[in-house]
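Reminder, nothing fancy here: chain letters follow the sequence lines and each chain counts from 1.
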Amino acid sequence: MFAKPTIEASQALLHDLPRWLAAHKRDLPMRRDDVTDWGTLVFEIMSQQTPLSRVQPIWIDWMKHWPTPCDLAAASSADIIVAWANLGYPSRALRLKACAATIVAKHDGQVPLTMKELTLLPGVGTYTASALLAFRHRVRIPVLDTNIRRVLVRFLDGREFPPRSTPSKKETARAGELLPQDGRHAADVSLAMMEFGALVCTQLAPSCTGCMMRANCAWANSGFPKDQKRPTSQPYAGTDRQARGRIMKALRTAHFEGKNGLTKRRVLDAARIDGGDRYQPSRVYRALLKEGMIVYDEERKRVTLPR
DNA sequence: TACTCGTGGTG
DNA sequence: TCACCAAGAGT
């Protein structure tokens with residue numbers, strides 16, 4: 001299922017790709033050496049399913065306001081959700097605050113540096129933990145994001161897409177075995193594969209013409225076979241997610257403008273969208289309350305972001 | 001395991 | 001125009 005690289009393929013992955021990266025590397029403030037562990041962790045969580053171009057300005061502003069876990073743990077949830085702005089999946093903002101609180105409570109304010117401790121933090125999964133250890137601390141550990149997985153299965157296995165939505169143990173093991181022994185070099189290889197997947201070996205329209213990896217690419221050498229089942233794309237228009245987004249945007253705007261929340265009626269109106277069913281507004285409203293994303297003030301009769 | 005969780009750019 | 005996409009995690 002998961003092929004080992006040939007000598008030539010290994011050479012391409014371990015030497016050609018890092019060299020390519022050096023020539024194409026962007027000077028991102030999130031990658032600078034003086035960024036703290038916490039800054040890196042914030043960046044990785046913001047980057048989950050989110051384009052870097054959208055993350056960069058918000059991350060810069062965010063780190064000025066809340067440079068340490070202690071700062072964020074003490075901040076208002078409402079301010080945090082407003083600062084999260086249009087990054088999407090705003091539950092990540094609350095998880096990031098919970099993550100900060102856990103680091104303060106259980107790790108004396110210092111970001112822990114073991115896979116076990118990291119993945120126990122709210123919002124931190126296998127990818128985020130390994131990315132912090134590899135890119136910030138040069139630990140030799142496989143980093144399997146969607147780009148690296150796609151690059152590896154195309155280049156080594158001749159498949160268009162990874163077989164599962166989440167990496168199996170065998171896939172993770174193969175990715176770990178092919179890394180160079182030196183941690184610093186290994187991190188360069190991972191970052192190069194990630195960037196290469198994002199810029200060249202893309203999901204929809206890879207730039208295979210003139211690709212520097214083509215000679216050893218198993219996918220190219222087998223004629224670019226199309227995968228039968230493509231990754232499931234998620235509809236959005238008319239869904240609960242869109243309705244939730246409308247509510248959160250209305251409350252972010254109200255909070256930003258200094259208003260004391262909105263009436264429940266206004267909130268339910270905001271949730272009415274084309275394609276939604278008649279129960280959708282109240283359904284998503286209740287869900288957001290339950291998740292702690294919004295709060296209802298009984299006395300003032302106002303819906304607000306959580307304090 | 002499969003499903004749910006936003007948002008705005010893009011070909 | 002609109003389906004598809006972008007450094008995953010939680011349940």
Trainee: Expressed in angstrom and rounded to an integer, what is the separation of A:W59 atom CH2 from C:dA7 atom P?
Mentor: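 Roughly 19 Å, once rounded to whole Å.
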
Trainee: Just by distance, with hydrogens left out, do A:N260 and A:H255 show a side-chain donor and acceptor under 3.5 Å apart?
Mentor: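 Side chains of A:N260 and A:H255: no pair found under 3.5 Å.
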
Trainee: Identify the two heavy atoms, one from A:M213 and one from A:F155, that lie closest to each other, and give their separation to 0.1 Å.
Mentor: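 Reported closest heavy-atom pair: O-CE1, 3.4 Å.
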
Trainee: Return the value, rounded to whole Å, for the distance between atom CG of A:L21 and atom P of C:dA7.
Mentor: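 Checked: the CG to P distance equals 15 Å.
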
Trainee: So that I can tick it off, tell me whether A:K264 and A:E298 are bridged by a salt bridge, with the cut-off set at under 4.0 angstrom between side-chain N and carboxylate O.
Mentor: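 So A:E298 does not pair with A:K264 through a salt bridge.
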
Trainee: Please name the pair of heavy atoms, one in A:P122 and one in A:C99, separated by the smallest distance, quoted to 0.1 Å.
Mentor: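 Looks like O-CB, 3.4 Å.
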
Trainee: Does OP1 or OP2 of B:dT1 have a side-chain N or O of A:R164 closer than 4.0 Å?
Mentor: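 Affirmative; the distance criterion is met.
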
Trainee: By nearest nucleotide on DNA chain B, pick out whichever of A:S165 and A:R252 is the more 5' one.
Mentor: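 Counting from the 5' end, the first nearest nucleotide belongs to A:S165.
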
Trainee: Hey, can you pull the residues of residues 77-106 of chain A with a non-hydrogen atom under 4.0 angstrom from DNA chain C?
Mentor: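 Here the set is A:R95.
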
Trainee: Please give, in whole Å, the distance from C:dC2 C1' to A:Q242 CD?
Mentor: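 Value for this atom pair: 13 Å.
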
Trainee: Across the strands shown, which category fits A:T146 at heavy-atom distances under 4.0 angstrom: base, sugar-phosphate, nothing?
Mentor: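 A:T146: backbone/sugar contact only, no base atoms under 4.0 Å.
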
Trainee: Short question: side chain of A:R174, backbone of A:K4 - any donor-acceptor pair under 3.5 Å?
Mentor: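 Absent.
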
Trainee: State whether the distance check finds a donor on one side and an acceptor on the other, under 3.5 Å, for side chain A:R149 versus base C:dA7.
Mentor: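 When only heavy-atom distances are counted, A:R149 does not reach the base of C:dA7 through any donor-acceptor pair under 3.5 Å.
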
Trainee: Which is true for A:T239 with a 4.0 Å heavy-atom rule: it touches a base, it touches only sugar-phosphate, or it touches nothing?
Mentor: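 It contacts nothing in the nucleic acid.
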
Trainee: Under a 3.5 Å distance rule, please check whether A:D108 uses its side chain to pair with a backbone N or O of A:Q110 as donor and acceptor.
Mentor: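 Absent.
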
Trainee: Is it the case that the side chain of A:R150 and the backbone of A:C201 share a donor-acceptor pair, with hydrogens and angles ignored and the cut-off at 3.5 Å?
Mentor: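 Side chain of A:R150 to backbone of A:C201, a donor-acceptor pair under 3.5 Å: yes, one is there.
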
Trainee: Does the side chain of A:T68 come under 3.5 Å of the side chain of A:D71 through a donor N or O and an acceptor N or O?
Mentor: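 Yes, because at least one side-chain N or O of A:T68 sits under 3.5 Å from a partner of the opposite role on A:D71.
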
Trainee: Whole Å only: how far is the CG atom of A:L118 from the P atom of C:dG8?
Mentor: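 Distance, rounded to whole Å: 17 Å.
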
Trainee: What's A:A198 touching, base or sugar-phosphate or nothing? Going by heavy atoms closer than 4.0 Å.
Mentor: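 Contact class for A:A198: sugar-phosphate only.
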
Trainee: Specify the residues of residues 35-56 of chain A, ordered by number, for which at least one heavy atom lies under 4.0 angstrom from an atom of DNA chain C.
Mentor: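 Nucleic-acid contacts, sorted: A:F43, A:E44, A:S47, A:Q48, A:Q49, A:P51, A:L52.
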
Trainee: Whole angstrom is fine here: how far is it from CD in A:E291 over to C1' in B:dG6?
Mentor: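 Whole-Å distance recorded here is 13 Å.
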
Trainee: To the nearest Å, give me how far apart CZ (A:F161) and C1' (C:dA6) are.
Mentor: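 It works out to 14 Å between those atoms.
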
Trainee: For A:M248, run the side chain to side chain contact (heavy atoms under 4.5 Å, CB included) check against A:T253, A:V284, A:L305 and tell me which one passes.
Mentor: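 Per the side chain to side chain contact (heavy atoms under 4.5 Å, CB included) rule, the option paired with A:M248 is A:L305, out of A:T253, A:V284, A:L305.
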
Trainee: C:dA9, B:dG6, C:dC5: which one has an atom nearest the side-chain heavy atoms of A:L204?
Mentor: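 Of the options given, the side chain of A:L204 lies nearest C:dC5.
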
